Amino acid sequence: MPELPEVETVARGLQREVAGQKILGVTLGQTDFIDNPAAIERELPGRRIVRVERYGKFLLLRLGAREDAPEQKEDAALLVHLGMTGLLMPQSDTEPQAKHTHVILLLGDGRELRYIDPRRFGRIAYLAGDGLSRELQRFGADPLETSLEQFAQAIQHRRARIKALLLDQSVIRGVGNIYADESLWKAKIHPIQLGARLGGAQVKELYARLQEILRKAIQLRGSSISDFLDAEGVPGEYQLHHRVYGREGKRCFRCKTTIRRAIVAGRSSYYCPNCQRAPRDGKKPGRGKAGKQRRTKR
DNA sequence: CTCGATCCCTGGACGC
DNA sequence: TGCGTCCAGGGATCGA
């Protein structure tokens, strides 16, 4: 569930806590979600974490040059995606290792930067040079940095549902299920509305509300629904400000209509059927797993 | 291009 | 108390 505001919160915390630290050693646990574990063990020791940034839902730990090859100026970074349940935080080496701790970076000051992820939906990769820039190019613009014109360009000629477009990281990077639903509710747009069917005023409203919600959520250190914690181990507070997400069956904060849930783009989508009018010709949202046969696993 | 289905994974909720 | 089942969800992938 970590989305843009949660990842931004973690990035800021890590920038404060571990930027400048040298990585002395790497210990790996389960590696089935790591792109190239051997590269991580080989490339990280001896390098400094020069800066921690957010890129969409990724944390980008920018790495300095290797000590044994200081003339090498190639950009290198450790990409960390928190998936659903990932935590990345510095801990004292005396702190007991939490269950599902899969990566430990020993730091120059004696602390350990630990990656904990029960479901392993996250992703970790060491990338450098062209490989790094190619990877970053796969993603759309950051919603907090893009202009209204760019945002409209990315949305208005697409025939996919707006909810699917908001979730598509190659269209806009960083938005996930919670902030997609919250911004659509605030902008009074139905999740199954097609991008190309949105009017200019609607696109402008969505752009503004999305930015407003993301900024407010960052201020409150993100949403902690189940297990999100920031780099200091502190939960966020934006979940207290959710207007539709997770509110199926409850009353709309604007008009008191009962909030509904439907599967759109394969994800639970919460919306107010009164405030967010369905398009006349809109395809019906799917029912997802309800009513679907579950195949027996061998 | 866009869609739905499927898989990855574990813990929490729920029924009995 | 304990067991089985269902479900959540970001993203990759595949076939329609």
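In what follows, every heavy atom counts, from backbone to side chain, and hydrogens, waters and symmetry copies are set aside. Reminder, nothing fancy here: chain letters follow the sequence lines and each chain counts from 1. Because the structure is predicted, anything quoted here is derived from the model rather than measured.
Relative ring orientation between A:Tyr115 and A:His102 is described as tilted, the plane-to-plane angle lying within the 30° to 60° band. Taking the six-membered ring for Trp and thresholds of 30 and 60 degrees, A:Phe151 and A:Tyr207 have ring planes inclined between 30 and 60 degrees apart.
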Can you check nucleotides 14-16 of chain C for protein contacts, nitrogen or oxygen pairs under 3.5 Å, and list what you find?
none

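OP1 or OP2 of B:dT10 has not a single side-chain nitrogen or oxygen of A:Lys99 nearer than 4.0 Å. At the phosphate of B:dG11, OP1 or OP2 sits under 4.0 Å from a side-chain N or O atom of A:His100. Taking side-chain N and O atoms only, A:Ser268 has a distance below 4.0 Å to OP1 or OP2 of C:dG9. Of the side-chain N and O atoms in A:Arg161, one or more sit less than 4.0 angstrom from OP1 or OP2 of B:dG4. The side chain of A:Tyr245 places an N or O atom within less than 4.0 Å of a non-bridging phosphate oxygen (OP1 or OP2) of C:dG9. Side-chain nitrogen and oxygen atoms of A:His81 include at least one within less than 4.0 Å of the OP1 or OP2 phosphate oxygen of C:dG11. One finds no side-chain N or O of A:Arg158 lying less than 4.0 angstrom from the OP1 or OP2 phosphate oxygen of B:dC1. A close approach under 4.0 Å does occur between a side-chain nitrogen or oxygen of A:Arg261 and OP1 or OP2 of C:dA8. For the OP1/OP2 pair of C:dG11 and a distance below 4.0 Å, the side-chain nitrogens and oxygens of A:Gln169 include at least one atom meeting the criterion.
The separation between A:Ile263 atom CD1 and B:dA5 atom C1' is 13 Å, rounded to whole Å. If you measure from atom CG of A:Asp168 to atom P of B:dG4, you get 14 Å, rounded to the nearest angstrom.
Looking at the side chain of A:Arg138, the nearest of the listed nucleotides B:dT10, B:dT2, C:dA12 is C:dA12.
If you check distances only, the side chain of A:Arg119 never reaches the base of C:dG10 with a donor-acceptor pair under 3.5 Å.
Minimum interatomic distance between A:Pro191 and A:Val264 (heavy atoms only, all atoms of both residues): O-CG1, 4.1 Å.
Within the helix from B:dT2-C:dA16 to B:dC16-C:dG2, the inter-axis angle between the opening and closing five-pair segments is 40°, rounded to 10°.
Hydrophobic side-chain contacts under 4.5 Å tie A:Ile116 into a cluster, directly or through other members, with A:Leu87, A:Met89, A:Leu229.
Partners of A:Arg47 under the salt bridge (Lys or Arg N to Asp or Glu O under 4.0 Å) rule, at least two apart in sequence or in another chain, are A:Glu43.
Using a 4.0 Å cutoff on non-hydrogen atoms, the parts of residues 120-135 of chain A near DNA chain B are A:Arg120, A:Phe121, ordered by number.
Applying the salt bridge (charged side-chain N to carboxylate O under 4.0 Å, His left out) definition to pairs two or more places apart or across chains, those involving residues 20-30 of chain A are A:Lys22-A:Glu67.
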